[in-house]
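In this chain, residues are counted from 1 in sequence order.
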Amino acid sequence: MNLSDAALLVAAGLAAGTVNAVAGGGSLITFPALIAIGLPPVPANVTNSVSVFPGYVASVAGSRMDLPGGRQLWRLLPTTVLGTGVGCLLLLVTPARAFELVVPFLVLGATAVLAFQDPLRRLVGHPAHLSPRRRTLSVQVMVAVGSVYGGYFGAALGVMLVAGLALVLDTTLARVTAIKNLLSAVVGLTTLVVFALFGPVQWAAAAVIAPATVTGGYLGARLVRRLPSVVLKTVIVVFGTVIGLYLLWRALR
């Protein structure tokens, strides 16, 4: 790795940390940067997952005031760890081509769910009107699906988590984003452990990107607290649409 490669990775890490905290999808900045310095796709994907973890932790620190109290949030963590482990296993043992074709539609679908959140709530029922048992089950399912995706690929994980959680939680988007940051950090920690043991991580590249994502993640999380909900939703929907279309183009070319 030469100096220009390192500079590219630092810039990508700063941008990715900020984007992950605000909307999710920052991995689509660092992943192409790793490809650009010469890493093959699978090592780049694995290194990318390891590299962005510190940025997720910084996002949690920046948004901690918006995290809800009580035990309900912590009950999501085992589901997150298990789902992420399943996703990591899928990445390590199965061909990626089929999932590459599915991922864009998952991202675009999640973005559409967030964009049309209110009409969908009228169809499936507002979270405030659901029974506690059904609401708890809905949240667990959303977290499980997002975690499997995060363990396998990870890019746009934030978009998917925000879209799913906003549909089944009766709370502000800033709080949903804070929960997303915590769950993303758990996904990141799980992938770090699994890939450190079994994945082809390029540790020099990860060491360059990781500190930059910390700065970007903290600054992005502080920015979220200042944005009105309608502006935050618009940013996430626009970014999610761009990500989904980019992934679709990359899968079909």
Side-chain angles (χ1 to χ4, degrees), residues 17 20-24 26-27 49-50 52-90 110 113-114 117 121 124-154 156-197 210 213-214 217-218 220-222 224-225 229 232 236:
N20 275 338
V22 176
S27 292
S49 296
V50 172
V52 298
F53 165 65
Y56 287 140
V57 176
S59 299
V60 175
S63 60
R64 64 188 182 282
M65 299 301 293
D66 290 316
L67 284 171
R71 298 179 180 177
Q72 194 169 19
L73 177 62
W74 306 109
R75 290 172 182 164
L76 298 175
L77 301 189
T79 302
T80 306
V81 172
L82 181 60
T84 305
V86 171
C88 291
L89 181 63
L90 287 173
V113 167
L114 184 61
Q117 175 185 332
R121 277 182 167 178
V124 303
H126 194 281
H129 302 150
L130 299 178
S131 67
R133 182 177 180 181
R134 184 178 174 187
R135 186 165 56 245
T136 299
L137 180 60
S138 299
V139 174
Q140 291 283 357
V141 169
M142 291 295 183
V143 171
V145 172
S147 300
V148 171
Y149 172 86
Y152 190 95
F153 187 61
L157 170 62
V159 175
M160 299 190 72
L161 286 177
V162 168
L165 293 173
L167 188 64
V168 297
L169 291 177
D170 184 22
T171 188
T172 65
L173 198 56
R175 175 158 286 186
V176 168
T177 302
I179 296 171
K180 175 266 295 181
N181 288 339
L182 177 62
L183 297 181
S184 296
V186 175
V187 170
L189 177 59
T190 306
T191 57
L192 172 63
V193 172
V194 173
F195 291 150
L197 293 174
T213 67
V214 173
Y218 186 80
R222 302 302 292 178
V224 166
R225 300 196 74 219
S229 291
L232 181 57
I236 297 173

Which residues pass the side-chain contact (heavy atoms from CB on, under 4.5 Å) test with [X], not counting sequence neighbours?
{"X": "V214", "result": "P54, A58"}
{"X": "S184", "result": "Y56, L157, L161, K180"}
{"X": "V139", "result": "L76, V143, L165, V168, L169"}

Which atom names give the shortest non-hydrogen contact between [X] and [Y], and what distance separates them?
{"X": "G85", "Y": "T190", "value": "N-CG2, 4.2 Å"}
{"X": "N181", "Y": "S63", "value": "ND2-OG, 3.1 Å"}
{"X": "R75", "Y": "Q140", "value": "O-NE2, 3.3 Å"}
{"X": "D66", "Y": "A178", "value": "CB-CB, 3.7 Å"}
{"X": "V187", "Y": "G151", "value": "CG1-N, 4.3 Å"}

Would a 4.5 Å heavy-atom cut-off, applied to side chains only, mark [X] and [Y] as touching?
{"X": "L183", "Y": "L77", "value": "yes"}
{"X": "P68", "Y": "T171", "value": "no"}
{"X": "V60", "Y": "Y218", "value": "no"}
{"X": "L173", "Y": "V162", "value": "yes"}
{"X": "S49", "Y": "F195", "value": "yes"}

Discussion item. Given V186, which partner from the list V81, T191, T84 fulfils the side chain to side chain contact (heavy atoms under 4.5 Å, CB included) test?
Written reply: V81
Discussion item. Any side-chain to backbone donor/acceptor pair from T172 onto R175? Under 3.5 Å, distance only.
Written reply: yes
